[in-house]
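From a predicted model like this one, the values you see are computed outputs, not experimental measurements.
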Amino acid sequence: VLALTAFICIETIMECSPCEGLYFFEFVSCSALVVTGALLLLFSLNLHTRIPQINWNLTDLVNTGLSTFFFFIASVVLAALNHKTGAEIAAVVFGFLAMAVYAVNTCVAVHKWRVNNRQHNSRQSSDYIRARTESREVVHRPEIQRLDA
């Protein structure tokens, strides 16, 4: 919602002299909105369960981390180059708010990713130990005789 609000604020600006900061902020807010919206749709409709080859926790972590970083850069650049118009100030404020929310979500995603990695690693090691134990178990079969003579 904050990315959408920042995007709407930046789109209401009619004139700019150095437009590079404005264009970069527009690109960042639009990209974050589209990618996060697509992931939100995938997660809310449980479509991510149909594609188990993708590590969705890591995908969410990368999305939120990159969005945090780029919102920070875009907001700083726009704050440095703005012309003190209401729309630019509002866009900067909503850009920093979106960055803060993405940063919190990044922390949550890191925690979720670590927990999932620990569970996956412990499951792999327990499967390995179980397989090794089963392969060492020897079934006593009287029809097979040892030839130690």
Side-chain angles (χ1 to χ4, degrees), residues 1-140:
V1 172
L2 293 171
L4 175 64
T5 307
F7 181 73
I8 291 170
C9 289
I10 208 70
E11 286 299 313
T12 60
I13 297 172
M14 297 297 176
E15 293 179 17
C16 62
S17 175
C19 296
E20 293 80 18
L22 187 123
Y23 293 152
F24 181 64
F25 189 90
E26 181 181 17
F27 171 75
V28 169
S29 60
C30 183
S31 298
L33 180 66
V34 168
V35 173
T36 304
L39 287 174
L40 179 64
L41 189 66
L42 279 170
F43 287 131
S44 63
L45 296 176
N46 279 333
L47 296 175
H48 67 286
T49 58
R50 296 183 184 202
I51 310 171
Q53 296 85 3
I54 297 175
N55 185 344
W56 291 105
N57 291 329
L58 184 61
T59 303
D60 187 38
L61 172 63
V62 168
N63 174 51
T64 56
L66 288 175
S67 295
T68 301
F69 175 73
F70 283 117
F71 259 116
F72 175 73
I73 298 297
S75 297
V76 167
V77 168
L78 188 63
L81 298 177
N82 81 26
H83 299 91
K84 310 284 189 265
T85 65
E88 286 178 327
I89 293 170
V92 168
V93 168
F94 282 112
F96 279 119
L97 287 174
M99 181 215 56
V101 171
Y102 274 114
V104 169
N105 198 6
T106 300
C107 293
V108 171
V110 165
H111 177 70
K112 194 175 184 181
W113 179 69
R114 283 184 180 166
V115 167
N116 190 25
N117 258 2
R118 274 191 228 126
Q119 288 175 351
H120 182 69
N121 289 340
S122 68
R123 186 173 44 235
Q124 274 186 332
S125 64
S126 65
D127 287 346
Y128 173 75
I129 291 169
R130 183 183 48 76
R132 291 273 308 211
T133 305
E134 288 176 1
S135 70
R136 290 183 179 177
E137 292 176 0
V138 178
V139 177
H140 182 67

For Leu58 and Leu61, run side-chain contact (heavy atoms from CB on, under 4.5 Å): C-alpha distance rounded to whole Å, both residues' side-chain angles, the deciding distance at 0.1 Å, then the answer. CA-CA 5 Å; Leu58 184 61; Leu61 172 63; 4.1 Å; yes

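For the pair Ala109 and Asp60, the tightest heavy-atom approach, listed with the atom from each and the gap, is CB-OD2, 4.0 Å. Closest of all the heavy-atom pairs between Cys9 and Ala90 is SG-CB, 3.8 Å. A pairwise comparison of heavy atoms in Ala3 and Ser29 identifies O-CB, 4.0 Å as the closest pair. Nearest approach of Val101 to Leu2, heavy atoms of both residues: CG2-CD1, 3.5 Å.
Taking CD1 from Ile8 and CG from Leu33, the interatomic distance works out to 8.5 Å, rounded to the nearest 0.5 Å. With rounding to the nearest 0.5 angstrom, the CZ atom of Arg114 is 13.5 Å from the CG atom of Asn57.
Under the 4.5 Å side-chain criterion, counting only non-hydrogen atoms from C-beta, Ile73 is in contact with Phe24. With contacts defined as side-chain heavy-atom distances shorter than 4.5 Å, the pair Leu78/Ile10 qualifies. The side-chain heavy atoms of Phe25 and Val77, taken from C-beta on, include no pair separated by under 4.5 Å.
For the pair Ser44 (side chain) and Leu41 (backbone), a donor-acceptor distance under 3.5 Å is present. For Ser75 (side chain) and Phe72 (main-chain N/O), no donor-acceptor pair under 3.5 Å exists by modelled atom type.
Screening Phe70, Phe71, Phe69 for a side chain to side chain contact (heavy atoms under 4.5 Å, CB included) involving Tyr102 leaves a single residue, Phe71.
For Phe43, the CZ atom is densely surrounded, since the number of other residues' heavy atoms within 6.0 Å is greater than 12.
Classified by interplanar angle (parallel below 30°, tilted 30° to 60°, perpendicular above 60°), the ring pair His48/Trp56 is perpendicular.
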